[in-house]
Amino acid sequence: MSKTVSPKSRASGRVTLAAVAERAGVASMTASRAISQPDMVSAALRERVQQAVEELGYVPNRAARALASAHSKVIVVLVPSLSNAVFTAVLAGIQDALDADDYQILIGNTRYSDAEEEKLLGIYLQSNPDGILLSGLSHSPRVERMLAASRVPIVSMMDLSDDPAQLTVGFSQFQAGHAMTRYLIDKGHKRIGFIGAQLDERTLKRADGYRQAMREAELADPKLELMVPDPSTIALGAELLGRMLAQSPDCDAIFCCNDDLAHGAIYQCQRRGIAVPRQLAICGFNDLPASAWMNPSVTTVGTPRYRIGHEAATLLRSVIRGEAPATPHLDLGFTLMARESA
């Protein structure tokens, strides 16, 4: 007497693999192989199992698959913002790189907060991720301890490390800040201000590059720096332009730590009747899409955000597979976008 398998588990209400196997007329192990390793079965068998999956609405249980394979197929990605166009491009690159391997991506928004990063990492490590993608190189001692204890492959994005044991993909924030400042100096500017906001590690390294270039040219002056911890916005850029001119009225150029601030500074110049760049040069960082269409268009630093995400995810995937990286630090460089504003 044959026994009919209930299509759903009594405990969870989910359609079971056994039900799929019965519908397809195969053993459960064969159905599992057809779903997880389709290249290992014939096309006819694969089609029968797939038809049963679609008819029953079966969704594979990732937790059960992880127990069987020792791989969770989960990648954790922590970024400081989900609204910043810089990181949406990074995330797009990550997703495109991992899609083909059927990875589940757990995305966490740290909001530039150590406490939030600690909380998210603690939660996501419970999913036993196969790998982790982090933004930046600086983390709290607690995060460093959790990462070390997890023994999970990690790739850090957006900057480059000197540590050969740390895998990084990005470019030198310091060198990019130095290059933009050097560009302004070579254009004949001597009173070059630096406006910074948010004060995350990337902003601070750009500021260090600015300071180094100013010292080399014997133009350094603390009065030319204006750094605030506030979140970066266009409105803040307009406000800081006014504050910079109040503390250094002879300023002839301003390097803004990102394009949002540069846009706001240009708008404020237009309100005040200050000609850009004839009276005051303005430049930014990151080459956001709107920067090329501002009037005047913004001189800025182009950063390979999508490529950083894609290459970082590709590197992480290879390490998970046990492959040795060709280099621990992949420098994707930056591009100085000389336009009308400086």
Side-chain angles (χ1 to χ4, degrees), residues 71-112 116-117 120-121 124 127 129-139 147 152-161 166-176 198 200-203 205-206 232 257-260 284-292 300-337:
H71 287 288
S72 64
K73 298 298 286 186
V74 169
I75 299 292
V76 169
V77 181
L78 297 183
V79 294
S81 173
L82 293 178
S83 59
N84 189 325
V86 170
F87 293 102
T88 56
V90 171
L91 290 172
I94 292 170
Q95 184 168 9
D96 286 349
L98 297 178
D99 265 355
D101 283 348
D102 193 33
Y103 277 105
Q104 179 183 10
I105 305 172
L106 297 183
I107 300 171
N109 177 9
T110 68
R111 300 187 177 95
Y112 294 94
E116 189 68 16
E117 184 175 51
L120 289 169
L121 187 59
Y124 289 166
S127 296
D130 289 342
I132 300 174
L133 292 168
L134 298 176
S135 301
L137 307 177
S138 299
H139 307 282
L147 292 173
V152 172
I154 300 163
V155 175
S156 298
M157 307 177 290
M158 309 306 292
D159 206 343
L160 300 173
S161 172
Q166 188 174 18
L167 299 178
T168 58
V169 176
F171 61 94
S172 170
Q173 302 281 342
F174 175 90
Q175 290 298 335
Q198 196 73 64
D200 59 274
E201 61 179 299
R202 289 167 292 282
T203 293
K205 288 180 179 180
R206 292 167 202 167
S232 184
C257 77
N258 60 50
D259 281 3
D260 285 340
F285 200 102
N286 277 321
D287 193 21
L288 297 184
S291 293
T300 183
V301 174
T303 55
R305 303 180 292 277
Y306 176 90
R307 282 192 63 210
I308 287 173
H310 197 281
E311 294 292 343
T314 300
L315 174 59
L316 182 62
R317 187 178 59 191
S318 69
V319 173
I320 292 170
R321 290 172 174 169
E323 302 169 10
T327 174
H329 311 307
L330 184 55
D331 187 352
L332 298 181
F334 57 87
T335 304
L336 204 155
M337 312 297 291

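Quick caveat: nothing in here was measured; it's all calculated off a predicted structure.
- The side-chain heavy atoms of Val301 and Thr335, taken from C-beta on, include no pair separated by under 4.5 Å.
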For residues 327-334, which side-chain N or O atoms pair as donor and acceptor with protein atoms under 3.5 Å away, sequence neighbours left out?
from	atom 1	to	atom 2	distance (Å)
Thr327	OG1	His329	N	3.3
Thr327	OG1	His329	O	3.3
His329	ND1	Gln166	O	3.2
His329	ND1	Thr168	OG1	2.8
His329	NE2	Ser161	O	3.1
His329	NE2	Asp163	O	3.0
Asp331	OD1	Gly333	N	2.9

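- Here the shortest heavy-atom pairing between Gln175 and Ser172 reads N-OG, 2.9 Å.
- For the side-chain hydrogen bond (donor to acceptor under 3.5 Å, both in side chains) criterion with Gln173, the lone passing option out of Arg206, Glu201, Lys205 is Arg206.
- Within the 3.5 Å criterion, the main-chain N or O of Ser83 finds a donor-acceptor partner in the side chain of Ser81.
- Side-chain contact between Leu134 and Val155 is absent, with no heavy atoms from C-beta onward closer than 4.5 Å.
- Using a 4.5 Å cut-off on side-chain heavy atoms (C-beta onward), Asp130 and Tyr103 make contact.
- Contact record, Pro153 with Val319: CB-CG1, 3.8 Å, taken as the closest heavy-atom pair.
- Met158 and Val90 make their closest contact through SD-CG2, 3.9 Å (heavy atoms, listed as atom of the first residue, atom of the second, distance).
- Annotation for Arg305 and Asp287: closest pair NH2-O, 3.5 Å, computed over non-hydrogen atoms.
- Salt-bridge formation is not detected for the pair Asp159/Arg202: no Lys NZ or Arg NE/NH1/NH2 atom is positioned less than 4.0 Å from an Asp or Glu carboxylate oxygen.
- Contact check for Phe87 versus Pro80: side-chain heavy atoms found under the 4.5 Å cut-off.
- Under the 4.5 Å side-chain criterion, counting only non-hydrogen atoms from C-beta, Pro129 is not in contact with Ile75.
- When every heavy atom of Asp102 is checked against every heavy atom of Lys73, the shortest pair comes out as O-CE, 3.9 Å.
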### Task
Would you please test Tyr112 and Asn84 for side chain to side chain contact (heavy atoms under 4.5 Å, CB included) and show each step?
CA-CA 12 Å; Tyr112 294 94; Asn84 189 325; 3.9 Å; yes
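- Not one N or O on the side chain of Asn286 forms a donor-acceptor pair closer than 3.5 Å with the backbone of Leu288.
- Applying side chain to side chain contact (heavy atoms under 4.5 Å, CB included) to Gln95 and the options Leu98, Leu91, Asp99 leaves one that passes, Asp99.
- Contact annotation: the side chain of Ile107 never approaches that of Val76 to less than 4.5 Å [non-hydrogen atoms, C-beta and beyond].
- Under the side-chain hydrogen bond (donor to acceptor under 3.5 Å, both in side chains) test applied with Ser232, the options Asn258, Asp259, Asp260 reduce to a single match, Asn258.
- Taking 4.5 Å as the limit, every side-chain heavy atom of Leu147 sits out of range of all side-chain heavy atoms of Val152.
- Atom CG of Leu133 sits about 10.0 Å away from atom CD1 of Ile154, to the nearest 0.5 Å.
- Between Gln104 atom CD and Ser127 atom OG the span is 7.5 Å, to the nearest 0.5 Å.
- Using a 4.5 Å heavy-atom cutoff, the side chains of Phe285 and Thr303 are in contact.
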Cut-off 3.5 Å, no hydrogens considered: what does the side-chain donor-acceptor table look like for residues 306-316, sequence neighbours left out?
from	atom 1	to	atom 2	distance (Å)
Tyr306	OH	Asp96	OD2	2.6
Thr314	OG1	His310	O	2.8

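- Atom-to-atom distance recorded for Leu137:CG and Leu160:CG is 8.0 Å, nearest 0.5 angstrom.
- Ser135 contributes a side-chain N or O that, together with a main-chain N or O of Leu78, makes up a donor-acceptor pair within less than 3.5 Å.
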